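Proteins come first, then strands; the chains are lettered A, B, ... in the order of their sequence lines, and each starts at number 1. Quick caveat, the model's predicted, so the values are computed rather than measured.
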There are 2 protein chains.
Amino acid sequence: MATQAEEDYIKAIFKITERNQGSASTNAIAEHLSTSAASVTDMIKRLAQKEYFNYERYKGVSLTPKGLNLATKLIRKHRLWETFLVENLNFSWDEVHDIAEQLEHVKSESLVNRLDDYLGNPKYDPHGDPIPNAEGKFTIRTQFSLMSMNKGEEGVIVGVKEHDKPFLQYLDRLGINLGTKIKVKNFIDFDHSREVIIDEENSTILSHKVCNNIYVKKNQFI
Amino acid sequence: MATQAEEDYIKAIFKITERNQGSASTNAIAEHLSTSAASVTDMIKRLAQKEYFNYERYKGVSLTPKGLNLATKLIRKHRLWETFLVENLNFSWDEVHDIAEQLEHVKSESLVNRLDDYLGNPKYDPHGDPIPNAEGKFTIRTQFSLMSMNKGEEGVIVGVKEHDKPFLQYLDRLGINLGTKIKVKNFIDFDHSREVIIDEENSTILSHKVCNNIYVKKNQFI
DNA sequence: TTAAAATTTTAGACGTGTCTAAAAATATTT
DNA sequence: AAATATTTTTAGACACGTCTAAAATTTTAA
């Protein structure tokens, strides 16, 4: 049974290799976990011995099937708890990360499966991220960054890339949530920002960085 | 912020001093936590320094107000989570202890308070134990052990002393739960067991030990 | 292609929480 | 009150997870 620290490493490597396919570098892991590269090397060696990682000196690490399996379970738990916190306990989407980070380490297969049922087997969490089912499979939705939309196009917000608290609070203030309708009104070439219309009402400017962090589903009618 | 291990010690001392008022002995703590007396001494010294305990060599330990405050919070969390597991996720009362033991270490004031509200601010958990409120106060009910009832008397089950899994499962098989009506039909003097009538239907024999572990409220009409 | 920069690993140390074996203190018996 | 038994503490060790400083390796730049 993996310790909490071990689980944190496994999740970190999952998150890192999720995007830049391949292997996670020592430095990337250290940054992700706010620890030193030396600690990461130590830990990696232990976990490689426990067969969670493929590891070769100076070459970074990737998850073995065993590691991937555990990572998926952790992601499942994390996202189900986030859903519970938002849907049932009325937390807002920027408050749930740290609590779910603790709850995901609670060990009980039946707990997570009953929670899943209690929530109605949701497919996406409050940030729009897919929730793996009990077999570890999850639904991938065709989604695009808001940046990739053309002038005049319309879409619905389905997720965010960063779960950074101030970022989510900023979106809240703009009235942007999952399910919010959004239309690109204008490109501002100078700084690559966009003028958008939110829910067919307010017009506002979203920076290049913000647009890159918002996922939309195009041409969807509610 | 107390670690998980520290919290376990604080709760153990609370539980021990709850009954035999006064102080908890090193050995009692060791047994409660399934560890060695030497480890307990080590740990006690650290925690006394952190002002959770009053401690004097060879004299046992008791909780300071600071320690009592933390213990009460842990009890509150434990019992609220047990209630959630039974009421919302349909666990039975013998399955919830180990899971709640993990959940009680999750640190978030707002989580526990929102959970409390979500559950409708329950006063008692699924074992009939009182749940401290946000201020640490809890309702003590006038309750008696089943053993103290006279022949012919009637009462309602309001709690159990031991939370031992096989014991709770045994009660389940007999149809005994919180709220179950029970009437003492006969004393069996030979072994101090009792013949009782459960919910005005089945008659059965309960041993001296079992009767001592069941709490009833007498003369209560539903 | 060699030097400089960045990354990664090793070495050695530390705090937490645990252990066993032995010593010290307390409690119980006789 | 002395001997014995029990409880508690100390001493010394170890695994986990962390750290800093220095060495080794790889990558980048000149």
Side-chain angles (χ1 to χ4, degrees), chain A residues 1-17 19-20 22-63 67 70-71 74 101-102 104-105 107, chain B residues 1-17 19-20 22-63 67 70-71 74 101-102 104-105 107:
Chain A
M1 188 131 293
T3 67
Q4 197 150 321
E6 288 174 344
E7 290 188 347
D8 288 339
Y9 272 86
I10 289 160
K11 236 186 72 178
I13 286 144
F14 178 84
K15 292 240 164 178
I16 292 163
T17 51
R19 298 193 187 283
N20 31 307
S23 64
S25 72
T26 303
N27 256 10
I29 299 167
E31 191 180 352
H32 200 99
L33 295 173
S34 307
T35 186
S36 70
S39 303
V40 171
T41 302
D42 282 1
M43 199 64 170
I44 275 172
K45 283 196 285 192
R46 259 200 297 276
L47 286 169
Q49 211 144 20
K50 293 189 181 181
E51 298 185 321
Y52 288 112
F53 301 154
N54 303 117
Y55 169 61
E56 219 181 316
R57 285 164 79 256
Y58 293 100
K59 304 289 179 193
V61 290
S62 62
L63 293 172
L70 179 49
L74 291 169
E101 204 73 18
Q102 298 180 66
E104 79 190 8
H105 295 297
K107 285 163 183 69
Chain B
M1 188 130 296
T3 68
Q4 196 148 323
E6 288 174 343
E7 291 189 345
D8 288 339
Y9 272 85
I10 288 159
K11 235 186 73 179
I13 286 145
F14 178 84
K15 293 239 165 179
I16 292 163
T17 52
R19 296 191 189 286
N20 31 306
S23 65
S25 72
T26 304
N27 256 11
I29 299 166
E31 191 180 350
H32 200 98
L33 295 173
S34 306
T35 185
S36 71
S39 303
V40 171
T41 302
D42 282 2
M43 199 64 171
I44 275 173
K45 282 195 287 190
R46 257 200 297 277
L47 285 170
Q49 212 145 19
K50 292 189 180 182
E51 300 187 319
Y52 287 113
F53 302 153
N54 303 117
Y55 169 61
E56 217 182 318
R57 285 165 79 256
Y58 293 100
K59 303 289 178 192
V61 288
S62 61
L63 293 172
L70 179 49
L74 291 168
E101 204 72 17
Q102 297 179 65
E104 78 190 10
H105 295 296
K107 284 162 185 68

What pairs with B/Glu7 under side chain to side chain donor-acceptor pair (under 3.5 Å), at least two apart in sequence or on another chain?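 Scan of B/Glu7 (side chain to side chain donor-acceptor pair (under 3.5 Å), adjacent residues dropped) gives B/His105, B/Lys107.
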Applying salt bridge (Lys or Arg N to Asp or Glu O under 4.0 Å), can you list everything that pairs with A/Lys50, at least two apart in sequence or on another chain?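 Counting only residues at least two positions away or on another chain, A/Lys50 forms a salt bridge (Lys or Arg N to Asp or Glu O under 4.0 Å) with A/Glu6.
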How many Å lie between [atom1] on [X] and [atom2] on [N], as a whole number?
X	N	atom1	atom2	result
A/Glu56	D/dA24	CD	C1'	16 Å
B/Gln49	C/dG17	CD	C1'	16 Å
A/Ile44	D/dC16	CD1	C1'	16 Å
B/Met43	C/dT18	CE	C1'	10 Å
A/Glu31	C/dT8	CD	C1'	15 Å
A/Tyr55	D/dT25	OH	P	12 Å
A/Lys50	D/dG17	NZ	P	7 Å
A/Leu33	D/dC19	CG	C1'	15 Å

Can you tell if the side chain of A/Ile29 reaches within under 4.5 Å of the side chain of A/Val61, non-hydrogen atoms only?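 Result yes, sub-4.5 Å side-chain heavy-atom pair found.
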Sequence neighbours excluded - side-chain hydrogen bond (donor to acceptor under 3.5 Å, both in side chains) pairs with any residue from residues 35-47 of chain A: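 Applying side-chain hydrogen bond (donor to acceptor under 3.5 Å, both in side chains) to every pair that reaches into residues 35-47 of chain A, excluding sequence neighbours, yields A/Ser36-A/Ser39.
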Between A/Arg46 and B/Thr26, who's closer to the 5' end of DNA chain D by nearest nucleotide?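 Nearer the 5' end of the strand: B/Thr26.
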Tell me whether the side-chain N/O atoms of A/Thr3 come closer than 4.0 Å to OP1 or OP2 in D/dG17.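 Yes.
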Can you check whether B/Asn27 has a side-chain N or O nearer than 4.0 Å to OP1 or OP2 of D/dT8?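 Yes, B/Asn27 has a side-chain N/O under 4.0 Å of OP1/OP2 on D/dT8.
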For B/Glu101, which residues count as a side-chain contact (heavy atoms from CB on, under 4.5 Å) partner, sequence neighbours excluded?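 In terms of side-chain contact (heavy atoms from CB on, under 4.5 Å), with neighbours along the sequence ignored, B/Glu101 is linked to B/Lys11, B/His78, B/His97, B/Glu104.
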Test side-chain contact (heavy atoms from CB on, under 4.5 Å) applied to B/Lys59 - qualifying residues, sequence neighbours left out: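 Residues passing side-chain contact (heavy atoms from CB on, under 4.5 Å) with B/Lys59: B/Glu56.
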Measuring from atom CD1 of B/Ile16 to atom CG of B/Asn27, what distance do you get when rounded to the nearest 0.5 angstrom?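 It comes to 10.0 Å.
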Between D/dG17, D/dT9, C/dG17, which one does the side chain of B/Glu6 approach most closely?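 Output: C/dG17.
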Candidate nucleotides C/dT10, C/dT8, D/dT7, ranked by approach to the side chain of A/Lys45 - the nearest: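 Between C/dT10, C/dT8, D/dT7, the one nearest the side chain of A/Lys45 would be C/dT10.
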Going 5' to 3' through nucleotides 19-29 of chain C, assign each nucleotide B (protein heavy atom under 4.0 Å from a base atom), S (under 4.0 Å only from sugar-phosphate atoms) or - (no protein heavy atom that close). BBB--BSS---
